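Notes for the one structure printed next.
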Amino acid sequence: MCGRFTLAAADHDLDGVFGHYSWPERRLRYNIAPTQQVLILKGNSSEPAWVRWGLVPRWARDTSGAARMINARSETVLEKPAFRDLMSRSRCLVIADGFYEWQLLPDGKKEPLYFQLPGGVPFGFAGLWDTWHDPTGQIVETCTILTRAAPPWLGAIHNRCPVIVDRSAHKRWLDTAQKIDMASADWIEPLTEFGLPYARVGFRVNSVANDDSACREVHTKKEPGMVENHPRQGELF
DNA sequence: CCAGACGTTGTT
DNA sequence: GTCTGG
DNA sequence: CCAGACGTTGTT
DNA sequence: GTCTGG
């Protein structure tokens with residue numbers, strides 16, 4: 001799944017992937033957490049937008065459920081009332097250049113692992129966004145990131161992973177007039193399926209208070225396929 | 001008809 | 001808002 | 001996602 | 001254990 005990610009790429013590198021936009025002034029982020037502002041591209045807008053991560057549907061009474069709506073399962077997103085309409089109205093790309101997944105170790109600790117595309121080039125998570133009016137009438141825009149079952153190369157680490165839209169399908173994902181076949185993989189970044197480079201980065205990232213380049217400093221570099229299983233006691237063989 | 005839910009992940 | 005359960 | 005809190009009453 | 005905050 002996806003519960004933390006990074007966006008520290010330069011504007012120039014965002015241009016290279018998403019096309020030229022007027023990127024807002026922004027802080028480099030190494031530990032973006034749910035409920036925080038994230039940078040997205042909407043299909044109907046020529047400007048990137050900041051929205052809160054954690055979907056608040058337009059009909060919600062309050063924002064209390066938002067922290068549990070940071071992800072939407074791609075397998076069911078077309079059926080769920082909270083997401084279904086957004087799939088045909090409000091798709092977006094959530095801009096990132098890496099993400100963290102936690103692997104449960106035998107001693108019960110959770111070790112963060114950092115995943116990127118080769119070269120650390122930026123990418124867009126498949127996202128949905130919505131608009132909510134708070135009791136005073138203020139508009140709050142929020143978003144969620146789609147997830148999918150982890151492909152085999154990732155399975156030993158985690159059973160879910162975020163959906164990264166293939167660069168060639170950015171236009172299609174953002175254009176809600178075009179149908180997306182959720183059962184097809186032709187719009188998904190192929191390395192999601194075949195393997196991303198990743199690294200051990202240490203436990204500092206676990207605390208959201210830490211948000212600096214040390215969070216993703218590589219301790220041990222890994223290649224896809226080098227996934228180490230950590231069976232729990234009693235589950236050896 | 002009205003009332004109440006509407007979501008994901010992980011773990012067992 | 002829209003669907004489900006009673 | 002992980003980390004950290006998790007409660008009431010009355011009195012100042 | 002479960003909820004909230006970031």
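Note on naming: letters A, B, ... go to the chains in the order of the sequence lines (proteins, then strands), and numbering restarts at 1 for each one. Predicted model, so just to flag it, every value in this text is computed and none were measured.
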Will you find, in the side chains of A/Y30 and A/R216, an N or O donor that is under 3.5 Å from an N or O acceptor?
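No donor-acceptor contact under 3.5 Å links the two side chains.
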Whether the A/S46 and A/Y21 side chains hold a donor-acceptor pair (N or O, under 3.5 Å, no angle test) is what I'd like checked.
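Side chains of A/S46 and A/Y21: no pair found under 3.5 Å.
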Please work out whether the ring planes of A/F125 and A/F123 are parallel, tilted or perpendicular, with thresholds of 30° and 60°.
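A/F125 vs A/F123 ring planes: perpendicular.
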Using the [atom1] atoms only, state how far [M] lies from [N], rounded to an integer number of Å.
N: D/dG7; M: E/dT4; atom1: P; result: 10 Å
N: D/dC2; M: B/dT11; atom1: C1'; result: 16 Å
N: D/dG10; M: B/dC1; atom1: P; result: 47 Å

I'd like a table of donor-acceptor pairs (distance under 3.5 Å, sequence neighbours excluded) in which one partner is a side-chain atom from residues 65-73 of chain A, with atom names and distances.
unit_1, atom_1, unit_2, atom_2, d
A/N71, ND2, A/C2, O, 3.2
A/N71, ND2, A/I145, O, 3.2

Contact boundaries of DNA chain D with chain A (under 4.0 Å, heavy atoms), 5' to 3'?
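Terminal contacting nucleotides, 5' to 3': D/dC1 to D/dA3.
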Heavy-atom check, side chain of A/E189 versus side chain of A/V165, under 4.5 Å:
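Not touching, per the 4.5 Å side-chain cut-off.
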Sorted by first residue and then second, give each ring-ring contact (aromatic ring centres under 6.0 Å, His included) pair with at least one member in residues 38-89 of chain A; sequence neighbours left out.
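Listed by first then second residue: A/F5-A/W53.
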Hey, could you give me each pair passing ring-ring contact (aromatic ring centres under 6.0 Å, His included) that has a residue in residues 160-185 of chain A? Not counting sequence neighbours.
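Listed by first then second residue: A/F18-A/H170, A/W173-A/W187.
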So which nucleotide does D/dG4 pair with, by the Watson-Crick or G-U wobble rule with both distances under 3.5 Å?
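Paired with D/dG4, as far as the under-3.5 Å criterion goes, is E/dC3.
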Does [X] come within less than 4.0 Å of [Y], counting only side-chain N to carboxylate O?
X: A/R200; Y: A/E111; result: yes
X: A/R91; Y: A/D175; result: no
X: A/D212; Y: A/R29; result: no

Between residues 48-84 of chain A and DNA chain C, which residues have a heavy-atom gap below 4.0 Å?
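Going residue by residue through residues 48-84 of chain A, the ones with a heavy atom under 4.0 Å of DNA chain C turn out to be A/W59, A/R84.
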Under 4.0 Å from any heavy atom of chain A: name the first and the last nucleotide of DNA chain C that qualifies, 5' to 3'.
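So the outermost contacting nucleotides come out as C/dG1 to C/dC3.
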